[in-house]
Amino acid sequence: MAVLVTGGAGYIGSHTVIQLLNSNEDVIIVDDLSNSSIKVIDRIEELSGKRPKFYEINILEENKFKKIFEENEIESIIHFAGFKAVGESVNKPLAYYTNNLVSTLIILNTMKEYNVKNFVFSSSATVYGDPKSCPILEDFPLSTTNPYGTTKLMIENILRDICKTDKKLNVGILRYFNPVGAHKSGRIGEEPNGIPNNLMPYITKVAIGKLEKLSIFGDDYATHDGTGVRDYIHVEDLAAGHLKTLTKLRNNSGLVTYNLGTGKGYSVLDMVKAFSKACGKEIPYSIVGRRAGDIAMCYADSNKAKKELGWEAKYDLDRMCEDSWRWQSNNPNGYED
Ligand code: NAD
Ligand code: WQD
């Protein structure tokens, strides 16, 4: 019986696959490599000593996707696959709705056909919109400000609806805060296409000399130093949260929803300082205007996951920066030679 990991060659998926393999799970990856590299599969093998079965398939190609279920006994699905760039989603909403929503519907229909009962979904803190206060609890009001976020909220709503009628279905909705860091080996990590939108990959590209300086989007927020505050979480902690959730679902949990964050908020300037310490270099920056759609502050209350899953984040900010730097400095061109 296997765990099917969609998007398992991607950033969070690859770290989770290694932990699953290390826990003796039988893992199958489906990924179309639209935002990842085939080399990730080799590195997963290198780091875990096991090579997961890999299907290079776009989930939207329904017949090919269904064949995976004909050829294997799938017991659970962890669904990472999707497009994830907020700005791009504003310019290409149809591509985002198609890829994120339709692929999820295909998976859910296939699960029904093949009687697969456990499903873990990658949601995001973006579903809290501009939260009324921090720390954010799972029962806070939900809203979104961009098509990417809307796909996450729509999928959450679909999952809540189907779980109301199918009492045997076990669904884990995991709302990630800001994933950063990399595997301690420095062999796998985050490699965005083009100029990064997110803070950590932007800083690492400045540190490696590929970008000149960081633009800090606003220093007039109501935060301790005026720059935006977020809950950065190590990707290894996130990955561990998926294994704990799988255990929970296997005990017939029904639908469960958890914030995966550290509960600590750090500002952009705090990040610059911590990263400078990790890489031993100054990170040049300038303050520019606010980025449209940004909020001042966002950090999690993750006590529900602690209580119900026995999960809590272990890695601190220094470790997140050290691991991100090791990945970037050992692989200045990502997975390219
Ligand atoms: P990623 O882009 O590195 O991984 C996603 C993987 O899915 C990629 O390898 C891509 O090739 C694959 N993929 C995309 N569409 C596909 C399709 N139709 N068929 C098959 N494969 C497909 O992203 P990530 O950072 O690892 O994020 C994983 C999930 O977590 C995503 O759903 C994302 O929205 C969600 N999430 C990410 C963040 C973040 O900041 N990284 C935060 C919150 C939630
Ligand atoms: C963090 C802070 C920026 C870049 C996004 C998505 C969210 C989730 C995680 C998927 C903010 C500031 C950034 C830069 C900067 N993804 N910043 N200069 O916006 O919190 O969340 O990624 O689900 O949905 O919205 O993350 O890393 O882009 O920004 O000053 O060049 O860094 O203003 O305060 P964000 P981020």
Side-chain angles (χ1 to χ4, degrees), residues 5-16 29-38 40 55-61 64-65 78-87 89 95-96 98-100 102-104 106-107 121-129 144-146 148-149 151-152 155 174-180 188-193 195-203 205-206 211 213-219 221 223 227-233 235 238-239 242 260-261 265-272 285-299:
V5 182
T6 76
Y11 172 46
I12 306 169
S14 56
H15 289 82
T16 305
I29 293 176
V30 55
D31 198 304
D32 65 355
L33 303 181
S34 55
N35 196 35
S36 48
S37 164
I38 186 69
V40 174
Y55 288 87
E56 187 179 337
I57 286 175
N58 184 334
I59 298 161
L60 296 176
E61 294 186 69
K64 288 187 187 167
F65 179 69
I78 306 183
H79 179 35
F80 293 104
F83 293 156
K84 63 165 181 176
V86 171
S89 79
Y96 271 69
T98 305
N99 196 47
N100 292 5
V102 179
S103 66
T104 305
I106 287 173
I107 296 168
F121 174 60
S122 299
S123 189
S124 165
T126 194
V127 299
Y128 295 114
T144 59
T145 53
N146 57 74
Y148 164 73
T151 68
K152 292 292 173 193
I155 294 167
L174 301 182
R175 296 181 182 147
Y176 314 153
F177 280 65
N178 289 56
V180 297
I188 57 168
E190 185 177 16
E191 184 52 25
N193 284 329
I195 297 176
N197 298 303
N198 294 117
L199 180 64
M200 180 61 99
Y202 203 104
I203 292 179
K205 294 259 180 282
V206 172
L211 293 170
K213 65 174 177 179
L214 173 70
S215 296
I216 296 184
F217 300 139
D219 67 349
Y221 287 105
T223 61
T227 66
V229 165
R230 298 290 183 274
D231 187 338
Y232 298 93
I233 175 163
V235 65
L238 267 189
H242 291 75
L260 296 185
Y266 291 102
S267 72
V268 181
L269 286 170
D270 293 334
M271 293 297 285
V272 168
Y285 66 82
S286 61
I287 309 287
V288 302
R290 292 182 178 194
R291 181 172 67 178
D294 269 356
I295 54 175
M297 206 175 325
C298 174
Y299 58 90

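Both ligands and their constituent atoms are indexed starting at 1 by order of listing.
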Peer 1: Are any side-chain N or O atoms of N100 and backbone N or O atoms of T151, one a donor and one an acceptor, separated by less than 3.5 Å?
Peer 2: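 Side chain of N100 to backbone of T151, a donor-acceptor pair under 3.5 Å: no, none is there.
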Peer 1: Quick one: side chain to side chain contact (heavy atoms under 4.5 Å, CB included) partners of S34, sequence neighbours excluded?
Peer 2: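 With neighbours one apart ignored, the set is D32, F83.
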Peer 1: Considering the heavy atoms of L214, write down every atom of ligand 2 situated less than 4.0 Å from one of them.
Peer 2: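 Atoms satisfying the 4.0 Å criterion: 14 (C), 18 (N), 31 (O).
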Peer 1: For Y11, give me all partners under ring-ring contact (aromatic ring centres under 6.0 Å, His included), at least two apart in sequence or on another chain.
Peer 2: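 Only H15 meet the ring-ring contact (aromatic ring centres under 6.0 Å, His included) criterion with Y11.
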Peer 1: Could you tell me whether N198 approaches ligand 2 through its side chain, its backbone, both or neither, with non-hydrogen atoms closer than 4.0 Å?
Peer 2: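 Both backbone and side chain of N198 come within 4.0 Å of ligand 2.
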Peer 1: Among L211, D231, N178, whose heavy atom sits nearest atom 9 (C) of ligand 2?
Peer 2: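 Result: the heavy atom closest to atom 9 (C) of ligand 2 is in N178.
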Peer 1: Side chain to side chain contact (heavy atoms under 4.5 Å, CB included) with T6: which residues, sequence neighbours excluded?
Peer 2: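 Once residues adjacent in sequence are excluded, the partners of T6 under the side chain to side chain contact (heavy atoms under 4.5 Å, CB included) criterion are V30, I59, I77, H79, A81, I107.
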Peer 1: Which protein non-hydrogen atom lies closest to atom 19 (O) of ligand 2, naming both residue and atom, and how far is it?
Peer 2: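 Atom 19 (O) of ligand 2 sits closest to the protein heavy atom R291 NH2, 2.9 Å.
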Peer 1: With atoms numbered from 1 as shown, which atoms in ligand 2 lie under 4.0 angstrom from a non-hydrogen atom of T126?
Peer 2: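 In order of numbering, the contacting atoms are 24 (O).
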Peer 1: Any idea which of Y285, F217, Y202 brings a heavy atom closest to atom 14 (C) of ligand 2?
Peer 2: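 Nearest option to atom 14 (C) of ligand 2, by heavy atoms: F217.
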Peer 1: Geometry only, no angles: is V268 polar-contacting ligand 2 at N/O separations under 3.5 Å?
Peer 2: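 Such a contact does not occur with ligand 2.
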Peer 1: With a 4.0 Å heavy-atom cut-off (strictly under), which part of L199 contacts ligand 2: side chain, backbone, both or neither?
Peer 2: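 For L199, the contact with ligand 2 is made by both the backbone and the side chain.
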Peer 1: So how far is it from I38 CD1 to E56 CD, rounded to the nearest 0.5 Å?
Peer 2: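 Separation between the atoms: 6.0 Å.
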Peer 1: Decide whether the shortest distance between a heavy atom of Y232 and an atom of ligand 2 is less than 4.0 Å.
Peer 2: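 Checking ligand 2 against Y232, which is what was asked, there is a heavy-atom contact under 4.0 Å.
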Peer 1: With distance as the sole test, does K84 use its side chain to make a donor-acceptor pair with the main-chain N or O of Y148 at under 3.5 Å?
Peer 2: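 Here the side-chain-to-backbone pair does not exist.
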Peer 1: Counting only heavy atoms closer than 4.0 Å, does ligand 2 sit against the backbone of S215, its side chain, both, or neither?
Peer 2: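 Looking at S215 and ligand 2, just backbone atoms fall under 4.0 Å.
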Peer 1: Taking 4.0 angstrom as the limit and counting only heavy atoms of V86, give me the atoms of ligand 2 inside it, by number and element.
Peer 2: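 So the atoms of ligand 2 that pass are 6 (C), 25 (O).
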Peer 1: Please list, by chain and number, the protein residues whose heavy atoms come under 4.0 Å of ligand 1.
Peer 2: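 Answer by chain and number: G7, A9, G10, Y11, I12, D31, D32, L33, S34, N35, S36, I57, N58, I59, F80, A81, G82, K84, N99, S122, S123, S124, Y148, K152, Y176, P179.
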Peer 1: May I ask you to list the atoms of ligand 2 that are less than 4.0 angstrom from any heavy atom of Y148?
Peer 2: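 Those qualifying, in numeric order: 10 (C), 23 (O), 24 (O).
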Peer 1: For ligand 2, is there an atom lying under 4.0 Å from some heavy atom of Y176?
Peer 2: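 Heavy atoms of Y176 never come under 4.0 Å of ligand 2.
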Peer 1: When you look for heavy atoms under 4.0 Å from ligand 2, do you find them on the side chain of N197, its backbone, both, or neither?
Peer 2: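 It is the backbone that touches ligand 2; the side chain stays farther off.
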Peer 1: Would you mind listing which atoms of ligand 2 come within a distance below 4.0 Å of any non-hydrogen atom of I216?
Peer 2: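 What qualifies from ligand 2 is 30 (O).
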